[in-house]
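Atoms considered below: every heavy atom in the structure, side chains included; atoms not considered: hydrogens, waters and symmetry mates.
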Amino acid sequence: MTLSTTRSRPSNVSSALARNRLGIPSVIFFVLSAAAPLTVVAGLVTTGYAVTGVTGIPLAFLVIAVLLGLFSVGYVAMARRVANAGAFYAYIARGLGRPFGVGAAWVALIAYNALQVGLYGAIGAAAAPVIEQWFGLHAQWWVVALFAWAVVGVLGVLRVDVNGMVLAVLLLSEIAIIVVFDAANLLNPAGGQLTFDTLDPGNLLVPGVGAILVLATTGFSGFESAVVFSEESKDPRRTVPMATYLSVAIIGGLYALSAWAMTVATGPDRIVEVSRAEGTEVIFNLAGAQLGGTVVDIGHALFLTSLLAAMISFHNTTARYAFALGRERVLPAVFGQTSPRTGAPRSGSVAQTALGLVVILTYAVAGWDPLVQLFFWGGTVGGFGLLLLITATSVSVVAFFVRQPSGEPLWRRVVAPGLAAVALAVIALTALANFADLLGVGPDSPLRWIFPSVYLVAAVVGTAWGLALRGRRPDVYATIGLGAERATALLPLQRAADGAAPPGADPADEPAETKVAR
């Protein structure tokens with residue numbers, strides 16, 4: 001094998017993401033859009049009150065925010081040393097070993113795809129009645145879903161900063177309406193008196209707290225994605241930590257405030273009853289009584305754009321995971337290609353768009369419920385997958401720094417990620433034990449074990465594939481998890497394959513990761 005020095009015509013593909021296009025605000029827009037604040041406030045919060053009867057949900061969001069902040073200590077410390085669009089995949093590969101990293105990658109692809117395509121069901125089901133009310137048109141849910149699918153697909157192959165600007169407009173409008181609704185609720189308390197009852201820890205430490213903590217955790221889905229955009233960030237060593245910490249703080253604070261404000265407006269003793277009767281319309285009905293119908297119409301419109309923003313964010317995240325795996329040849333090399341014009345992970349984006357189309361058409365033809373069987377189940381399953389990945393990543397951070405202390409203090413290397421790993425593992429086990437309740441199915445339903453088993457199968461098969469690569473493709477195996485460092489690491493391997501090293505070359509000059517691979 002020889003290295004060619006012949007100049008060739010420019011290719012219509014590239015193997016690198018665009019550099020230096022995202023600052024801290026842009027990355028935060030991607031992260032917060034994935035969390036879909038208005039969707040969580042209108043849907044998840046009221047569902048939690050209605051299903052569990054637990055009124056301590058505001059405090060649950062604060063508890064999870066603290067826990068994820070603890071996780072982020074080790075997460076961003078590792079991000080300073082590992083910049084990779086494959087985030088969880090790369091961290092687990094570098095911490096627990098390459099085979100486990102490949103297994104985690106397969107789990108991540110399933111989780112992010114479940115979250116992304118599930119949103120098509122939500123926007124279709126939510127938009128249809130609004131369109132009929134406003135325009136007198138009867139629109140099938142899948143027609144609306146296909147429109148959203150087309151918008152997301154087009155944006156997915158454009159420049160990442162273009163996506164960031166779109167998300168900025170949608171997200172800021174969404175947060176603004178939530179703050180207006182919260183202010184109206186707090187200024188119009190039930191009985192004329194502001195109450196703090198639902199912030200009492202005693203309202204959280206009750207039967208059902210496990211399910212509430214799991215639901216609260218799913219509300220943060222996407223907070224970890226700042227690292228996914230590290231290769232495209234300006235000064236990632238500063239951007240990723242700031243974006244991660246700020247996102248956790250903003251999400252946790254906004255959710256807790258909104259969940260509490262609702263109880264103030266209805267009265268703490270009536271929030272469960274009202275949530276069961278009105279469902280996702282609680283926040284809009286309260287706003288209608290306090291602010292008028294026009295504001296409610298604006299809220300409904302922004303609820304739809306909230307879903308669209310989440311789709312755009314998760315689409316970009318999923319496409320970059322596929323790119324990271326294709327670049328390192330864990331997936332076919334075509335997924336490791338980007339557009340030289342936009343720097344977008346073109347193949348991964350197109351594949352994700354194709355999957356979305358198949359899912360929408362399948363559900364439309366089969367007549368399945370888009371809200372429950374696509375959105376709710378997809379979101380629950382995807383959120384559980386991310387919980388598993390976050391837990392495994394906490395363990396990986398500890399393992400990584402045990403081998404490479406790198407000057408980080410003990411708090412960042414071991415204590416914070418270790419505590420986070422224990423707490424997250426408890427929540428994950430609680431979720432598994434209560435999976436039937438989370439899906440809203442009977443305890444004897446096979447779905448309660450089929451969905452979690454998908455991740456087990458993916459992890460086992462992915463790990464086996466990683467082991468197969470070690471024996472059959474050692475060149476590919478050696479660069480798993482290296483990301484943008486892959487090209488540098490390949491040079492010594494190519495020289496070794498040629499049977500000669502450059503004059504005066506010293507093995508000590510090889511990258512550390514290459515030495516480990518050998």
Worksheet entry | side chain to side chain contact (heavy atoms under 4.5 Å, CB included) partner of F88, the single match among L388, L389, V107 | L389

Worksheet entry | No-hydrogen, no-angle side-chain donor-acceptor test under 3.5 Å, N113 and T318 | no

Worksheet item: Side chain of S173, backbone of V169: donor and acceptor closer than 3.5 Å?
Response: yes

Worksheet entry | Nearest heavy-atom neighbours spanning G219 and I251 | O-CG2, 4.3 Å

Fill in: Check: S306 side chain, L302 main-chain N or O, donor-acceptor pair, under 3.5 Å
no

Fill in: Ring geometry between Y255 and F220 (parallel below 30°, tilted from 30 to 60°, perpendicular above 60°)
perpendicular

Discussion item. Between R320 and N316 (side chain of the first, backbone of the second, donor and acceptor by atom type, cut-off under 3.5 Å), is there such a pair?
Written reply: yes

Practice prompt. Report the C-alpha distance between V248 and S72 in whole Å, list the side-chain angles of each, state the deciding distance to 0.1 Å, and finish with yes or no for side chain to side chain contact (heavy atoms under 4.5 Å, CB included).
Written response: CA-CA 9 Å; V248 170; S72 298; 4.2 Å; yes

Worksheet entry | Closest non-hydrogen atom pair between F181 and A287, with its separation | CE2-CB, 3.5 Å

Discussion item. Could you report the tightest heavy-atom contact between S394 and L424, atom names first, then the distance?
Written reply: OG-CD1, 3.7 Å

Worksheet item: What are the two closest non-hydrogen atoms of V76 and P241, and how far apart are they?
Response: CG1-CA, 3.7 Å

Response to the item:
Rounding to 0.5 Å, atoms OG1 (T362) and CG (L357) come to a distance of 8.5 Å

Worksheet entry | Any L325 side-chain heavy atom under 4.5 Å of F335 side chain | no

Worksheet item: When rounded to the nearest 0.5 angstrom, what is the spacing between CD1 in I427 and CG in L432?
Response: 14.0 Å

Worksheet item: Does I57 offer a backbone N or O that forms a donor-acceptor pair with the side chain of Y49 under 3.5 Å?
Response: no

Item to complete: Please round to the nearest 0.5 Å and tell me the distance separating atom CZ of R98 and atom CG of L469.
Response: 11.5 Å

Practice prompt. Determine whether L371 and F376 make a side-chain contact, defined as any pair of heavy atoms from C-beta on separated by less than 4.5 Å.
Written response: no

Discussion item. I'd like to know if the side chain of R329 and the backbone of R327 have a donor-acceptor N/O pair within less than 3.5 Å.
Written reply: yes

Worksheet entry | N/O donor-acceptor pair under 3.5 Å between T218 side chain and L215 backbone | yes

Worksheet item: How are the rings of W368 and Y363 set relative to one another: parallel (under 30°), tilted (30 to 60°) or perpendicular (over 60°)?
Response: perpendicular

Worksheet item: Does CZ in F435 sit with more than 12 non-hydrogen atoms of other residues, nucleotides or ligands closer than 6.0 Å?
Response: yes

Item to complete: Establish, yes or no, whether a centroid distance under 6.0 Å links the rings of F384 and F451.
Response: no

Practice prompt. Indicate the atoms forming the closest heavy-atom contact of F303 with T39, along with that distance.
Written response: CE1-CA, 3.7 Å

Please tabulate, for side-chain N and O atoms in residues 119-148, each donor-acceptor pair with protein atoms closer than 3.5 Å (sequence neighbours left out).
from : atom 1 : to   : atom 2 : distance (Å)
Y120 : OH     : Q116 : NE2    : 3.4

Worksheet item: Step by step, would you call L213 with L67 a side chain to side chain contact (heavy atoms under 4.5 Å, CB included)?
Response: CA-CA 11 Å; L213 290 176; L67 175 57; over 6 Å; no

Item to complete: Evaluate side chain to side chain contact (heavy atoms under 4.5 Å, CB included) for F223 paired with I390, printing each intermediate quantity in order.
Response: CA-CA 11 Å; F223 88 95; I390 294 169; 3.5 Å; yes

Practice prompt. Classify the ring geometry between Y112 and Y321 as parallel (under 30°), tilted (30 to 60°) or perpendicular (over 60°).
Written response: tilted

Fill in: Smallest separation among heavy atoms of S347 and V334, with atom names
OG-O, 2.8 Å

Worksheet item: Would a 4.5 Å heavy-atom cut-off, applied to side chains only, mark I177 and I298 as touching?
Response: yes

Worksheet item: What distance do F71 atom CZ and I64 atom CD1 have between them, rounded to the nearest 0.5 Å?
Response: 13.0 Å

Discussion item. Run the side chain to side chain contact (heavy atoms under 4.5 Å, CB included) test on F61 and V45 for me, step by step, so that the C-alpha distance in whole Å, both residues' side-chain angles and the decisive distance to 0.1 Å come before the verdict.
Written reply: CA-CA 10 Å; F61 281 121; V45 171; 3.7 Å; yes

Worksheet item: Would you say Q352's side chain and H315's backbone share a donor-acceptor pair under 3.5 angstrom?
Response: no

Discussion item. Rounded to the nearest 0.5 Å, what separates atom OG1 in T52 from atom CG in N434?
Written reply: 11.5 Å

Worksheet entry | Side-chain donor/acceptor of Y455 to backbone N/O of V381, under 3.5 Å | yes

